[in-house]
Amino acid sequence: MPLPKLLAVPAGAAVAAVVAVGAPAMAGGGATQFASCPGEVWAGVVGTYEFEFCFTNVTRSGGDAQARFHGRLVPGVPAPAQAQSLRGFPCQAGFPSREVSTNSRLVVTPDGRVNGTCKS
């Protein structure tokens, strides 16, 4: 079964889910930070690219949020011949918020690396 096209999917899960990633840490200015790196791997699908990743998310006291993530394509998924940039896919910027945003960007490189952002 293909993975859902949301980024907040625990690795191995068949449906989208929101899972607490340890305790939130306080960042500057009253912001809250969650991080899955290192140690917790998630799975995502954007377009034809299926990948595993970890992320760091910061939600500011005013509610705006940004997630940054990085990882690798799963084995068997072909990497592009040149870097590909995909934008506008659904993602969850605030974690563990269920709010979905399309202010997103993913870059997939020829060596199979993925890097991206999601903003509310």
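Contact detail for Ala79 and Thr109: the closest heavy-atom pair is CB-O, 3.8 Å. In plain terms, the two heavy atoms of Glu50 and Val45 that are nearest each other are CG-CG2, 4.0 Å. Residues Val74 and Glu52 approach most closely at CG1-CG, 3.7 Å, considering heavy atoms. What you find for Ala65 and Asn57 is that their closest heavy atoms are CB-ND2, 4.2 Å. Residues Val108 and Leu73 share a closest heavy-atom pair of CG1-CD1, 4.0 Å.
In this view, Arg113 and Asp111 satisfy the salt bridge (Lys or Arg N to Asp or Glu O under 4.0 Å) rule, not counting sequence neighbours. With sequence neighbours excluded, no residue forms a side chain to side chain donor-acceptor pair (under 3.5 Å) with Asn115. Remark: Thr56 engages Gln33, Ala35 in a side chain to side chain contact (heavy atoms under 4.5 Å, CB included) (not counting sequence neighbours).
Listed by first and then second residue, the side chain to side chain donor-acceptor pair (under 3.5 Å) pairs involving residues 65-80 amount to none (not counting sequence neighbours). Sorted by first and then second residue, the disulfide (SG to SG under 2.5 Å) pairs involving residues 56-89 (not counting sequence neighbours) form an empty list. Within the structure, side chain to side chain donor-acceptor pair (under 3.5 Å) pairs that include any residue of residues 73-89 comprise Ser85-Arg105 (at least two apart or interchain).
Aromatic ring orientation, Phe69 versus Phe51: parallel (interplanar angle below 30°, classes split at 30° and 60°).
Rounded to the nearest 0.5 angstrom, Phe55 CZ and Thr117 OG1 are separated by 14.0 Å.
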